[in-house]
Amino acid sequence: MATATVEKQKSDVILQYLRPRKKFPSVWCAGCGNGVVMSALIRAIDNLHLSKDEVAMVSGIGCTSRMPVYMDFNSLHTTHGRALPFATGVKFAQPHMKVIVVTGDGDALAIGGNHFIHACRRNIDITTILINNHIYGMTGGQGSPTTPANAFSTTTPYGNAEKSFDPCSLAQAAGASFVARGTVYHAPQLEKVIQQAIQHRGFSVVEAISNCHTYFGRLNRLGDAVAMLQTFKERTVTLAKSREMSAEELKDKFVIGVLHENDKTEFCDEYQRTVESVRGGK
Amino acid sequence: MAERKRRLMQGNAACVQGAIYAGMRFYAGYPITPSTEVAEGCARELPKIGGRFIQMEDEIASIAAVVGASVSGLKAMTATSGPGYSLMLENIGYAYMTETPCVIVNVQRGGPSTGLPTKVSQSDTMQARWGTHGDYTAIAVAPSSVGDTITETIRAFNLSERFRTPVTVLLDEVIGHMREMVTIPEPGEYPIINRVAPTVPPEQFVPFVMTPNMVSPMPAYGQGYRYNVTGLTHDIMGFSTNRADEIAPKLDKLKFKIENYRDELAKIRVDMMDDAEVAFIAYGTVARTAQQAALIARQAGFKVGSIQLFTIWPFPDQQLIELCARCRKVIVGELNMGQIVHEVQRVLPRDVEIHTIQRYDGEILTPHQLLEKLDEVL
Ligand SMILES: Cc1ncc(C[n+]2csc(CCOP(=O)(O)OP(=O)(O)O)c2C)c(N)n1
Ligand code: SF4
């Protein structure tokens, strides 16, 4: 009974943030992890009491990138890979807005790889939710920059000969000032790190490990959505625990938590200081 | 009357002046010769007036940031040259589809590919009309002097705001880099057009509503109208659609909101055409040579005039038909292998002889060369 009430309250929160005039259901397959990330994101925003008007959701192209279209914020569904530069324009034009980018692993790291590292370097106050399902969903299961070595996809029918990116290490190395990871199995933890990322002033990245059972799961014999979630549970270790583990033991594990955080100066703040010194000096 | 400010200025600097006069407060760009001075000027001037300048990682990112800033309510611009313009085209298409005002300056150099970075060309004329994929109608303007560059840049912003569409300013290397004395316009001297804001409360807001002129009011992000902007073909609410009865009206809107105002858009300078039997037709750098050549020909007793196109797209069909009604021959001069001459051929009646003089070796056309051509065709 008590749990039922909690569940009801939760769904009420979600409903408040869905677009009243958008036709549902969504484009996503039943059980797709994208829905879990969307609700974690909504709860994080709700916890922070942000007004819907001050939030802009920007995305590129892919299954993942359809997310902002369903949510009742200012939404900008852009071109493949380019969400971050569009978001940079929004944020820099209106620095008081909370700008959140939702992007897939292909969108962010293949076609958008260069924008990704430069947004990190600039440390502009944008929160990027990078949903990593290890494959291209929307175009039908081709290999992506996070497809593991030897894994199957429609363009790696004999196993992937390439090596994959670790989005979190990449973000940290490129200069992002907040980097975290979660999975769709650990929804409350995901909500918490997303909330922390939004609160952080600077470029923040949350990698959300998610299931594309339709392609990645099927092609790699990982089972249905539930079975894939089960593997996320089994393969996940917390940051604290990971510190006691060897590299060998950490192979194939997802380390979740806030992996990196610092407080270096943010780009819009820095530019504002320039504007003030130029205008003051006139 | 107070002395008006006169200044010796480069074309690229004039472009910055015009843009700021028009209200541009956001610039994102990536350096490329011969457009770089536009970025440098914006980097210097924008902080002084509380505007924003950002050097992005490439041209794709630059135009993306410009569109992001424009939906957020700032008048935004980028400047580039051939290769950079090619990179921008997918996102310029996004701006057409989402009906986002912005200005793209293309200081043309020779191509294709990296081509001739420091040499003049007018070979992106067709690209400014047909560059991006899909069906749409484009606006492009072409100044021919440093002074024009100020006024045409202002006009580009005004048209972009008025029609909610990207507008391309086609400069060329010679204008971009040449220095001339110009008069700095006083505030109020030229009207400034701003996009129309919605008058209805957010609950009643229909983002891509059909209005009589087909231009929908546009709020800025953050003002309470939380609508969806997408490059997918969308219905009037801004949500993607696959319905035939919604797709065609959307594409018609993109086309006819501009096509229906061709006369207002057409801007032409006409010299000595009243009784002209031969007309030079040109734009950009070549237009000035053509005016000079026509004058020399007049002094020698020939009935020659010149027509300069400030608006390249949409092409001023009707105006050319009327202006050339008494002409037996026209000579189209261009710094490319013949891009606008095809439009002139399409528009003018069959009994007008159309000649063309083209140069695509990185050099300009001189009045002498146009006169030689005149000699040849007479
Ligand atoms: C310029 C361009 N190239 C290719 C595409 C086709 N495309 C659409 S979505 C997509 C991949 C999306 O994969 P990912 O970002 O991993 O997102 P997912 O669908 O898995 O959520 C591609 C290649 C495109 N829309 N635009
Ligand atoms: S194809 Fe994969 S990523 Fe796309 S909606 Fe289906 S499960 Fe999700």
Side-chain angles (χ1 to χ4, degrees), chain A residues 19-23 27 51-59 61 66 68-97 99 111-112 114-115 117-119 121-122 124 267-268 271-272 274-279 281-282, chain B residues 25-26 28 43-76 78 90-91 93-94 97-98 100 102 202-203 206 219-232 234-235 237-241:
Chain A
R19 281 212 152 106
R21 290 189 279 197
K22 174 71 192 149
K23 298 164 216 114
V27 294
S51 116
K52 290 182 188 177
D53 289 330
E54 65 178 311
V55 176
M57 289 271 174
V58 186
S59 64
I61 296 291
R66 287 294 176 97
V69 181
Y70 300 111
M71 291 188 286
D72 191 17
F73 301 104
N74 303 281
S75 61
L76 194 62
H77 177 235
T78 69
T79 49
H80 191 34
R82 319 299 175 195
L84 280 166
F86 278 94
T88 300
V90 173
K91 178 70 188 182
F92 195 28
Q94 297 214 36
H96 69 278
M97 286 189 86
V99 179
I111 190 166
N114 200 37
H115 306 311
I117 59 174
H118 287 281
R121 170 182 66 81
R122 227 171 252 134
I124 184 165
F267 167 75
C268 299
Y271 191 84
Q272 192 53 34
T274 308
V275 167
E276 276 153 27
S277 78
V278 170
R279 301 185 95 177
K282 248 207 324 199
Chain B
R25 292 296 177 270
F26 187 102
R44 212 168 36 243
E45 297 307 318
L46 281 171
K48 296 183 191 165
I49 53 171
R52 303 176 187 285
F53 168 90
I54 186 168
Q55 181 170 323
M56 295 299 288
E57 52 273 18
D58 59 27
E59 288 83 356
I60 300 174
S62 302
I63 180 70
V66 159
V67 172
S70 181
V71 296
S72 303
L74 297 188
K75 289 191 186 179
T78 186
E90 185 196 10
N91 283 341
Y94 181 88
M97 186 55 120
T98 57
T100 305
C102 56
E203 315 80 71
V206 177
Y221 274 6
Q223 292 178 339
Y225 294 86
R226 301 178 301 270
Y227 71 114
N228 185 46
V229 178
T230 178
L232 291 170
H234 44 266
D235 61 16
M237 293 311 298
F239 296 124
S240 62
T241 181

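So that the names make sense, note that chain A is the first sequence line, chain B the second, and so on, each numbered from 1. Computed from heavy atoms alone, side chains included, the values below leave out hydrogens, waters and symmetry copies.
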With a 4.5 Å cut-off on heavy-atom pairs, point out which of A76(B), P202(B), G51(B) contacts chain A the most.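 The residue among A76(B), P202(B), G51(B) with the greatest pair count is G51(B).
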Give, as side chain, backbone, both or neither, the part of [X] having an atom under 4.5 angstrom from any heavy atom of chain A.
X: M237(B); value: side chain
X: I54(B); value: both
X: F26(B); value: side chain
X: V66(B); value: neither

Heavy-atom pairs under 4.5 Å with chain B: which of [options] has the most?
options: M97(A), H77(A), R21(A); result: H77(A)
options: V55(A), T88(A), T79(A); result: T79(A)
options: L84(A), V69(A), V275(A), L76(A); result: L76(A)
options: P85(A), G112(A), P68(A); result: P85(A)
options: H118(A), E54(A), K91(A), H115(A); result: H115(A)
options: D72(A), N114(A), I61(A), V58(A); result: D72(A)

If we ignore hydrogens and angles and just use 3.5 Å, is the side chain of S72(B) paired with the main-chain N or O of Q94(A) as donor and acceptor?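 It does not hold such a pair.
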Using modelled atom types and a 3.5 Å cut-off, is there a donor and acceptor pairing between side-chain atoms of D53(A) and backbone atoms of G222(B)?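 A pair under 3.5 Å: no.
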Shortest non-hydrogen contact between A64(B) and F86(A), atoms and distance: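 What the structure gives for the nearest pair is O-CD2, 3.3 Å.
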Closest heavy-atom pair and its distance - G231(B), M97(B):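 Smallest interatomic distance, heavy atoms only, reads O-CG, 3.3 Å.
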In terms of side-chain geometry, is the basic nitrogen of E57(B) or R122(A) positioned less than 4.0 Å from the acidic oxygen of its partner?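 R122(A) and E57(B): salt-bridged.
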Do R52(B) and F92(A) meet the cation-pi criteria used here (NZ or CZ under 6.0 Å from the six-membered ring centre, within 45° of the axis)?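 Yes, R52(B) lies over the aromatic ring of F92(A).
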Heavy-atom proximity to chain B below 4.5 Å, by part of T78(A):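 Contact with chain B is through both the backbone and side chain of T78(A).
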Measuring only between side-chain heavy atoms, which start at C-beta, is H234(B) closer than 4.5 Å to F239(B)?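 Not touching, per the 4.5 Å side-chain cut-off.
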Could you walk me through whether E45(B) and K48(B) pass salt bridge (Lys or Arg N to Asp or Glu O under 4.0 Å), step by step? CA-CA 5 Å; E45(B) 297 307 318; K48(B) 296 183 191 165; 3.3 Å; yes
